[in-house]
Amino acid sequence: MSENERVEEQATVRLMRWPEVEEITGLSRSTLANMAANGRFPEPVQVSAHITAFLSTEVAAWFQELKARRVHYQGAGTWKRHGTSAQQSATPI
């Protein structure tokens, strides 16, 4: 990777505070915290004594990973995921 590419990549990284992450994911702070604790969402970084934030690139990567977990509605309450069918009583997340 060239020096210019490194500088451009670093320039796209920014800190995202909790309210912004809640807004773009549609998930509550407690849900995000639980997911991060279980390794299902990026962990926040400690910016200062009283401030935690998320790295924008890690949140973006999490959104990209969601594509691999996409489910497709097959009708009559059947959801198909990864080449299999399963009955779901509620809308999958």
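Computed from a prediction, not measured in an experiment: that's the story for all the values here. Side chains are part of it too, since the values below use all heavy atoms of this structure and drop only hydrogens, waters and symmetry mates.
A heavy-atom distance below 4.5 Å is not found between the side chains of V45 and F54. With contacts defined as side-chain heavy-atom distances shorter than 4.5 Å, the pair E58/V13 does not qualify. Using a 4.5 Å heavy-atom cutoff, the side chains of R14 and T57 are not in contact.
Atom CD1 of residue I51 and atom CD of residue Q46 lie 9.0 Å apart, to the nearest 0.5 angstrom. Summarising the geometry, atom CE belonging to M35 is positioned 11.5 Å from atom OG belonging to S30; distances are rounded to the nearest 0.5 Å. Between atom CG of residue N34 and atom CZ of residue F41 there is a gap of 12.5 Å, rounded to the nearest 0.5 Å. Expressed to the nearest 0.5 Å, how far OG1 of T25 lies from CG of L32 amounts to 4.5 Å.
Nearest approach of P42 to V59, heavy atoms of both residues: CG-N, 4.1 Å. Closest of all the heavy-atom pairs between S56 and T12 is OG-O, 3.3 Å. Residues E22 and R29 come closest through the heavy atom pair OE1-N, 3.2 Å. A pairwise comparison of heavy atoms in R40 and W62 identifies O-NE1, 2.9 Å as the closest pair. The heavy-atom pair separating F63 from I24 by the smallest distance is CZ-O, 3.5 Å.
Residues satisfying the salt bridge (Lys or Arg N to Asp or Glu O under 4.0 Å) criterion with E43, sequence neighbours excluded, are absent altogether.
Ion pair E23/R17 not flagged as a salt bridge, since none of the NZ, NE, NH1 or NH2 atoms sits closer than 4.0 Å to an Asp/Glu carboxylate oxygen.
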